[in-house]
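Reading through the structure tokens given below for one structure.
Values below: all heavy atoms of this structure, side chains included; hydrogens, waters and symmetry mates excluded. Just follow the structure's listing: the first ligand is 1, and inside any ligand the first atom is 1.
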Amino acid sequence: MTILIKNGKVVNPAKKQEKVMDILIEDGRITKTETDILKEADEVIDASGCLVMPGLIDLHVHFRDPGQTHKEDIATGSAAAAAGGFTTVCCMPNTKPVVDNPETVAYIVEKAKQTGLTNVLPVGAVTVGMEGNTVTDMEAMKKAGICAISEDGKSVMNSAVYRRAMKTAARLGLPVLAHCEDINLVEGGVMNLDEKSEQMGLKGISNAVEDIIASRDILLAKETGAKLHLCHCSTKDSVTMVREAKADGIAVTAEVCPHHFSLCTEDITANDGNFKMNPPLRKREDMETLVGGLQEDVMDVISTDHAPHSQKEKSGGMEKSPFGIVGLETSVALTITNLVKKGRLTWIQMAEKMSYNPAKVLGIPKGTLNEGAVADIVIINPDETYEINPDNFKSKGRNTPFAGMKVSGKVKYTILNGKVVYHD
Ligand code: DOR
Ligand code: ZN
Ligand code: ZN
């Protein structure tokens, strides 16, 4: 099977190269990137006016499988990933049961392979049952296929337990994906603590809830040598801490989600569960600082925290709905519309933060369009404008605050291992 992609703007972050070229794919690999490749192919894709990037990598999704497949399952989550341009996703372990053993890891790996629409890399829990007490058998889970460990959905509050886990993760070379939330400080908060929460008469979550654990985790990474990755950073001080930790030579990377760089509490127009996620939308100055952190490459990664819930579950307003919004099928458009088209990120930076840098965090040879690389590729029309319509999602989740928003940037093709898995 050969595919020839003609005349796209090839954005290769591995070489910091951006140039109109052709790409030849043979037997699942990129065999040539040049201008005007003259070669017969089984399929020719005209990518004129489009960007050709390495397949996107999302370090943070929730596929709810096993256990809560009414929200999402590995097949629908994989379809949403392919439609969103993602060829690799890391799925968080807060399923039912929790991913804390090699058997559950093997279940996910097997079901994802059968689905075959995206590479699904399971993340293992830090503690058994995510109960915060006993560190899991990471070595056995690693053999079964985990790419990282995380307690996402909460933090391991016992610092001694977390330190022990980090030491083992460092020894095994597993990245630690950290959800930073001091649960004792949440006190029933459902949105950011500011004028807006006061106005709405709702309990608030302060920035310190995140910042205290982010600082602790950075200090533990310094002590243990673990490779720490801060999930879904939402506060301005998290950006400051990541900047300083990097200057100090600590192995820390950080991600920002599209909702945190696109929206702030001023944008909450109704007591609607679709504005509820954890961490919450913050103040404008937090949002601006996160954008600045992405622009200056303090913040390395854009991830979605794709967190599907059913419409019924999300209909309980800010107080009763569960935390989380879907993100796989809106991430490209929000990044292009709110960052690149506003001059805050270059195309190279977009490809770095959505593919090359996540690959580096995981330590996998992906995120490039170099000759010889596995042909995981996304083709995007950056100028196609449309309205976000959740009814078109492949995900089971419809829970997004972006419904009806006018955006630019449409995924046209997703190619996985040299095969077209999505075509718009
Ligand atoms: O908004 C969120 N949803 N934040 C989390 O930490 C967990 C996630 C979920 O699992 O729904
Ligand atoms: Zn989280
Ligand atoms: Zn999450």
Please tell me if the side chains of V99 and V123 come closer than 4.5 Å, counting only heavy atoms from C-beta onward.
no
Closest approach of any protein heavy atom to atom 8 (C) of ligand 1, naming residue and atom
H62 NE2, 3.8 Å
Tell me whether P322 reaches ligand 1 (any heavy atom closer than 4.0 angstrom to a ligand atom).
no
For the residue pair T265 / N192, report whether a side-chain donor-acceptor contact shorter than 3.5 Å exists.
no
Please list, in number order, the atoms of ligand 1 under 4.0 Å from a heavy atom of H309.
11 (O)
Determine which of the N, O or S atoms in D305 is closest to the Zn ion (ligand 3) and give its atom name.
OD1
Atom NE2 in H309, atom CZ in R64: separation rounded to 0.5 Å?
4.5 Å
Any N or O on A307 sitting closer than 3.5 Å to an N or O of ligand 1?
no
Shortest protein contact, atom 6 (O) of ligand 1 (heavy atom only)
H179 CE1, 2.9 Å
Going by heavy atoms in the side chains, are S78 and F63 under 4.5 Å from each other?
yes
Counting from 1, what ligand 1 atoms have a heavy atom of M277 closer than 4.0 Å?
1 (O)
Quick check: does G324 get an N/O under 3.5 Å from an N/O on ligand 1?
yes
Provide the atom name of the closest N, O or S atom of H179 relative to the Zn ion (ligand 2).
ND1
Got a second to check how far N370's CG is from Q17's CD, nearest 0.5 Å?
9.0 Å
Should K154 be listed as contacting ligand 1, given a heavy-atom distance under 4.0 Å as the test?
no
Please classify the I325 to ligand 1 contact at 4.0 Å (heavy-atom distances, strictly less than): side chain, backbone, both or neither.
neither
Atom 3 (N) of ligand 1 has as its nearest protein heavy atom F323 O, 3.2 Å
Would you give the length of the straight line joining atom SG of C180 to atom CD1 of I212, rounded to the nearest 0.5 angstrom?
11.5 Å
Could you check atom 5 (C) of ligand 1 against the protein and tell me its nearest heavy-atom contact, residue, atom and distance included?
N278 O, 3.7 Å
What N, O or S atom of D152 is found closest to the Zn ion (ligand 2)?
OD1
Any side-chain heavy atom of K412 within less than 4.5 Å of one from V52?
no
Will you find, in the side chains of E151 and H179, an N or O donor that is under 3.5 Å from an N or O acceptor?
no
Could you tell me if any non-hydrogen atom of R64 lies under 4.0 Å from any atom of ligand 1?
yes
If you round to the nearest 0.5 Å, how far is CG of N274 from OG of S321?
7.5 Å
With a 4.5 Å heavy-atom cut-off, do H62 and E72 have their side chains touching?
no
Does H60 bring an N, O or S atom to within less than 2.8 Å of the Zn ion (ligand 2)?
no
